[in-house]
Amino acid sequence: MASETQTLTERVTLHLNQQQRQLLARSVEAGEAPTLAALVERAVNETASGALSTFPVPAVSGRPLRWRDDIEPADRTHRELLEEFVLQPGTGRAIEMKAGEILRIEQIDGAQCVDFNCFNLHDYREFFHTGRTRTLHGINPGAGDFLWSSPPRERAMMFLLDDTAHCNDVVFPRCSANLYESAYGYASHTNCADIQAEAQREYGLTPDDVHDSFNFFMNTAIVNGLPVIDRQSSVTGDSVELLAVMDVLAVPNVCGADIMKTSNFSIKPVKIERLRASDADLDRVPALTAYDTQRTVAQFRQPIIRSQRELTRDPDYVPRFTNAPIVYDAVEVEVDAATSGLLSELWRRELYSDRGDALRDVVFAWWAATHTP
Ligand SMILES: [Zn+2]
């Protein structure tokens, strides 16, 4: 009799940090449930019932669309360990690296996102650029890809030598204090923008000098045109290895997100090593063509970094835009009857009313398709 009325319960231990406890406490205070236990029950039940009207986010595969499985793991012998430390949750560090050195970021507990930025050590205005990197290597770069600097420099800064988890992102911006306040109601919360700013302050850089990061160990995809983050499956010992191809200030930080899927709802330390690359490591870096259009400060018409914040007009300014003014000329071409017939078929009449414009489209589209950059 007694056993029938007895309620079966299970005691589950939640491991929550102070930031996570704060969020749940606010839910209870707001009356979303009378107690933490009731809130937990509500979360479990509503999730299990399928009643949640969640944005339909299909599970991300855990492997990027463009995973390079043709790349051999790096040979880690013959490297010299120069420095080794643990990067604690909520922190980052600015690390000087010479060309030919490797930064190794290793999971200690697993599933920890690490945001990363780098600067040319001799000119901080040349910095890692997600846009160029994304254009050349896709949204989930991995081993065999480069970290590029922003236009007009556009040089390779670091080479991704090894990557065991195949779980990196260059779509999402760094998380910021305002994200946690506006979306979650935190007056203060660990965040990558502030952590990066605090770490690079050691080198005199301002919070405005933080740039969008390379997000290591972050599982993302584009679904229905929108970027989504999913949980990740990196484990203890998973690592990424970045070989500096120029002298850089490298700034890794443990991502501050503990209430998102990014690092599976927790923040954990990661291990950092700085090593001198072996000849075998250096041999893995593909040779790159150098271009004059990878501009240096010597090529700038205005090379001086401003020190005042207010913008004022230069009264002596005379614009000198490249190749301006743009002038269109009529260029006659004669094509045979067969070509002419084909052009009529290829004419994108929904776009062009002029036959010459239709031909221009055919010619340049063909050119782009037949010439690899
Ligand atoms: Zn973050």
Side-chain angles (χ1 to χ4, degrees), residues 55-58 60 64-68 125-142 144-157 169-173 211-212 214 220-228 286-303 311-373:
F55 179 77
V57 180
V60 176
L65 300 173
R66 190 178 160 278
W67 176 42
R68 300 275 300 266
R125 299 306 297 262
E126 180 170 18
F127 55 86
F128 164 68
H129 190 243
T130 51
R132 179 168 170 79
T133 304
R134 187 166 59 230
T135 300
L136 293 177
H137 305 307
I139 67 167
N140 305 119
D145 294 334
F146 286 96
L147 277 67
W148 296 89
S149 63
S150 59
R153 318 299 186 97
E154 301 188 81
R155 296 195 295 165
M157 302 184 79
D169 167 80
V170 285
V171 167
F172 280 88
H211 307 290
D212 278 348
F214 194 118
T220 67
I222 304 289
V223 178
N224 300 329
L226 290 172
V228 295
L288 292 169
T289 307
Y291 298 97
D292 187 53
T293 46
Q294 291 170 312
R295 302 253 164 78
T296 64
V297 175
Q299 293 167 283
F300 291 5
R301 289 190 195 119
Q302 203 298 73
L311 288 170
T312 55
R313 185 174 179 277
D314 173 3
D316 300 323
Y317 168 72
V318 177
R320 290 166 56 195
F321 294 106
T322 304
N323 295 345
I326 298 295
V327 180
Y328 280 91
D329 283 323
V331 179
E332 306 291 338
V333 288
E334 222 173 289
V335 298
D336 57 27
T339 307
S340 176
L342 288 172
L343 174 59
S344 295
E345 286 175 32
L346 295 170
W347 188 340
R348 293 173 181 270
R349 287 179 174 75
E350 75 281 14
L351 299 178
Y352 308 112
S353 57
D354 181 86
R355 191 168 171 82
D357 290 349
L359 178 58
R360 183 180 62 202
D361 180 307
V362 172
V363 170
F364 287 109
W366 162 84
W367 197 97
T370 52
H371 297 68
T372 44

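We number each residue from 1, following the sequence as shown.
We find the CZ-CG distance between R134 and L136 to be 11.0 Å, quoted to the nearest 0.5 Å. Distance check, rounded to the nearest 0.5 Å: CG of L147 to CZ of F127 gives 13.0 Å. Separation of atoms CZ (R360) and CG (D354) is listed at 8.0 Å; rounding is to 0.5 Å. Interatomic distance, R301 CZ to Y317 OH, rounded to the nearest 0.5 Å: 9.0 Å. Atom OG1 of T130 sits about 12.5 Å away from atom CD1 of I139, to the nearest 0.5 Å.
The nearest pair of heavy atoms linking F146 to P286 is CZ-CD, 3.7 Å. Heavy atoms only, all atoms of each residue included: T220 and D169 are closest at OG1-OD1, 2.7 Å. Residues A156 and L288 share a closest heavy-atom pair of CB-CD1, 3.5 Å. Closest approach of F214 and F128 over heavy atoms only: N-CE2, 3.4 Å. Closest non-hydrogen pair, T133 versus P141, comes out as CG2-CG, 4.3 Å. Nearest approach of L343 to A358, heavy atoms of both residues: CD1-C, 4.3 Å.
L346 is linked by a side chain to side chain contact (heavy atoms under 4.5 Å, CB included) to V362, counting only residues two or more places apart in sequence or in another chain. Under the rule for a salt bridge (charged side-chain N to carboxylate O under 4.0 Å, His left out), R295 has no partner lying at least two apart in sequence or in another chain. R348 meets the side chain to side chain contact (heavy atoms under 4.5 Å, CB included) test with E350, L351, Y352, D361; sequence neighbours excluded. With sequence neighbours excluded, the residues forming a side-chain hydrogen bond (donor to acceptor under 3.5 Å, both in side chains) with S344 are R355, listed by chain and number. Shown here are the salt bridge (charged side-chain N to carboxylate O under 4.0 Å, His left out) partners of R153, two or more places apart in sequence or in another chain: D123, E126.
Of the possible polar contacts, one joining the Q294 side chain to the E154 backbone as a donor-acceptor pair under 3.5 Å is found. Under the 3.5 Å distance criterion, the side-chain polar atoms of S149 are matched with a main-chain donor or acceptor of R155.
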Would you be so kind as to tabulate the donor-acceptor pairs closer than 3.5 Å made by side chains of residues 328-337, with sequence neighbours excluded?
unit_1, atom_1, unit_2, atom_2, d
D336, OD1, A338, N, 3.4
D336, OD1, T339, N, 2.7
D336, OD1, T339, OG1, 2.5

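Around CZ of R349, the count of heavy atoms belonging to other residues, nucleotides or ligands within 6.0 Å exceeds 12. Heavy-atom contacts from other residues, nucleotides or ligands closer than 6.0 Å to CZ of F364 number 12 or fewer.
Taking the six-membered ring where the residue is Trp, W367 and H371 present parallel rings, their angle staying beneath 30° rather than reaching 60°.
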Report task. Assess whether side-chain contact (heavy atoms from CB on, under 4.5 Å) is satisfied between F321 and I326, documenting all intermediate values. Result -> CA-CA 10 Å; F321 294 106; I326 298 295; over 6 Å; no

